[in-house]
2 protein chains.
Amino acid sequence: MSVIQELLKVVLVEPAGALNVGSIARLCENFGVSELRLVSPRCDPMDPDAKKMAVKGTKLLNQAQSFDCLLDAISDCNRVLATCGRIDHGDIPLFEAEKALPWLAQGSSSEPIAIVFGREDRGLTNQELLLAQKVLTLKTSPNYPSLNLSHAVAIVLHEFQKYNDQIHKIKKNNYEIKKSANPLEVENCLEDTKSLLLDIGFLMEHTAQPRMAKIKALLNRAEVKPEEVSLIRGILRQVRWAIKQ
Amino acid sequence: MSVIQELLKVVLVEPAGALNVGSIARLCENFGVSELRLVSPRCDPMDPDAKKMAVKGTKLLNQAQSFDCLLDAISDCNRVLATCGRIDHGDIPLFEAEKALPWLAQGSSSEPIAIVFGREDRGLTNQELLLAQKVLTLKTSPNYPSLNLSHAVAIVLHEFQKYNDQIHKIKKNNYEIKKSANPLEVENCLEDTKSLLLDIGFLMEHTAQPRMAKIKALLNRAEVKPEEVSLIRGILRQVRWAIKQ
């Protein structure tokens, strides 16, 4: 997990559902978020429902600080992104994930950054949106755009992690090198296959070439591995043996 | 919402939490998914908890069909993507969202496609993973990768919508759709293969499963086409004939 992610605070404004608060604590743990902050929660974060949903996020849930107002909750943050699912946001510009999240990830590498989520039923007020430097909106079905709060958090944290990884090039070049069978091995195996298929009358001399080309195309598309070539050769041998019996 | 999304089926294997099933019905509605399918649910989808969470996804919840096994639930689907959060998936290759979801979105524009999610506690079995053509994994914190089921669904559906939108833009520019064999066809063909390989003594009952899994992995990697499945079946028939002579 990158430094940035450890500096990320998730802020919930007046959450009313204990199930949601617990679920979000778990999500914070899932995505390596360092801190959950609550602004005037309308439910008890220590409710058994919250604890049940938090699972391994229980520590974050227990440590979640409560604030009286949003401004207090974000006062130490360098970049703040608010989220909005409403359509009556006036002339506050909305940004999609691919614009807003890279911007957030580029925030200071030593000061905290925050993502703010609103109330389950009516989101953040326009005044609250204006406390953030940018406002994010998620694409959903126009017929029913309203996401459950914890699902919105899941999507945003996953997207954030993706952009954060890209930006910090955390992906070390430890791509596993897939070893393919060498072309000669594949060719020899196909020759054996062809010879068997001719012997059993599946191929005729004049149809052999195009049909074998199809089998070769399949193996090439799969980037066939050396051990798979051996497997095919084993089958060929056994078929020959069975025919002789 | 695009045509593809309307053809998308979300399949849950043995879900145990009514809250999860209800939440997922809501998510299906949020992302314009046409159908929710349940395989041997371990909870009652009509439980008040499920209904409470479904909100405007109640219609999808009420219409959710139950199936006895995963293969039945995906038998009409052209492309099937399974999801995996476990690390003990053997040599079944895992794909990240940016590879797996565009592939799924490129599925036929008239036949159904499916995304399969496993049990809350232990996901899908390796055998179930092998029924799908590709397996998706989501990036989370290495310290606590296990997502709540409905949050995994939220992330995957949001990502799918994004890639689907992109691909539809490309498709308008005459993008060619590759037609893959449907999973049932592949499964039946592999059953025939297995039966022949047992008969000729290439497989023993106790080695059959892992070896067949290797063959299946090869076909999946190649995104085997319907005409290639027919070719393999033709070879099997001819081998049987040759052995009888």
Side-chain angles (χ1 to χ4, degrees), chain A residues 1 5 19 23 26-27 29-33 53 55-57 97-98 138-148 150-155 157-159 161-162 165 196-197 199-202 211 214-215 217-225 227-228 231 234-235 237-239 241-243 245, chain B residues 1 5 19 23 26-27 29-33 53 55-57 97-98 138-148 150-155 157-159 161-162 165 196-197 199-202 211 214-215 217-225 227-228 231 234-235 237-239 241-243 245:
Chain A
M1 204 56 44
Q5 217 126 356
L19 290 170
S23 293
R26 176 175 179 175
L27 283 164
E29 192 66 33
N30 284 143
F31 291 101
V33 171
M53 299 308 282
V55 197
K56 292 196 186 171
E98 49 269 41
L138 292 175
K139 254 199 239 166
T140 45
S141 162
N143 299 326
Y144 183 35
S146 167
L147 287 165
N148 168 291
S150 74
H151 295 126
V153 175
I155 293 167
L157 291 183
H158 176 260
E159 289 274 297
Q161 167 158 310
K162 215 172 52 185
D165 281 357
L196 173 70
L197 295 180
D199 288 351
I200 64 170
F202 181 76
R211 284 201 162 178
K214 280 179 187 160
I215 297 177
L218 171 73
L219 295 183
N220 278 349
R221 220 164 51 240
E223 296 175 14
V224 62
K225 299 176 193 170
E227 61 269 29
E228 289 166 342
L231 182 72
I235 294 174
R237 267 195 307 277
Q238 194 74 13
V239 168
W241 175 88
I243 290 170
Q245 300 304 306
Chain B
M1 204 53 45
Q5 216 125 359
L19 290 169
S23 293
R26 176 174 177 177
L27 283 165
E29 192 67 34
N30 284 144
F31 290 102
V33 171
M53 298 308 281
V55 195
K56 291 197 187 171
E98 48 270 42
L138 292 175
K139 257 201 240 165
T140 45
S141 162
N143 299 326
Y144 183 36
S146 167
L147 287 165
N148 167 292
S150 74
H151 295 125
V153 175
I155 292 167
L157 291 182
H158 176 261
E159 288 274 297
Q161 166 158 309
K162 215 172 51 184
D165 283 356
L196 173 69
L197 295 179
D199 288 352
I200 65 171
F202 180 76
R211 285 203 158 176
K214 281 180 186 158
I215 297 177
L218 171 74
L219 295 184
N220 276 352
R221 220 163 54 238
E223 297 176 13
V224 62
K225 298 175 194 171
E227 60 269 29
E228 290 167 339
L231 181 72
I235 295 174
R237 268 196 306 276
Q238 196 73 14
V239 169
W241 175 88
I243 291 170
Q245 297 305 304

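A quick note: this is a predicted structure, and the numbers were derived from the prediction, not measured. Residue numbering restarts at 1 for every chain, and letters A, B, ... go by the order of the sequence lines.
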Spacing of A/L218 atom CG and B/E227 atom CD [to the nearest 0.5 Å]: 10.5 Å
Interface residue of largest heavy-atom contact number with chain A, from B/I243, B/L231, B/I200, under 4.5 Å: B/I200
Rounded to the nearest 0.5 Å, what separation is found between the NZ atom of B/K139 and the CD atom of A/Q161? 6.5 Å
Which region of A/L196, side chain (C-beta onward) or backbone (N, CA, C, O), has a non-hydrogen atom less than 4.5 Å from a non-hydrogen atom of chain B, or is it both or neither? neither
Could you tell me the separation between the NZ atom of B/K214 and the CD atom of A/E228, rounded to the nearest 0.5 Å? 9.0 Å
Rounded to the nearest 0.5 angstrom, the CD1-CZ distance for A/I235 and B/F202 is 4.5 Å
Count the heavy-atom pairs under 4.5 Å between each of B/G201, B/A217, B/S146, B/A152 and chain A, then report the option with the highest count. B/S146
Check step by step if side chain to side chain contact (heavy atoms under 4.5 Å, CB included) holds for B/R26 and A/H151. CA-CA 10 Å; B/R26 176 174 177 177; A/H151 295 126; 5.8 Å; no
Nearest 0.5 angstrom please: A/L27 CG to B/L147 CG, how far? 6.5 Å
Rounded at 0.5 Å granularity, tell me how far OG1 in B/T140 sits from CD in A/E29. 11.0 Å
Main-chain N/O of A/Y144 paired to B/N30 side chain as donor or acceptor, under 3.5 Å: yes
Determine the option with the most heavy-atom pairs under 4.5 angstrom with chain A, choosing from B/K162, B/M53, B/R237. B/K162
Top contributor to chain A contacts, counting heavy-atom pairs under 4.5 Å, from B/A222, B/G234, B/A242, B/A97: B/A222
Indicate the atoms forming the closest heavy-atom contact of A/L138 with B/H158, along with that distance. CD2-NE2, 3.9 Å
Among the listed options B/V153, B/D199, B/I155, the residue most often paired with chain A at heavy-atom distances under 4.5 Å: B/I155
Less than 4.5 Å to any heavy atom of chain B: does that hold for the side chain of A/E159, its backbone, both, or neither? side chain
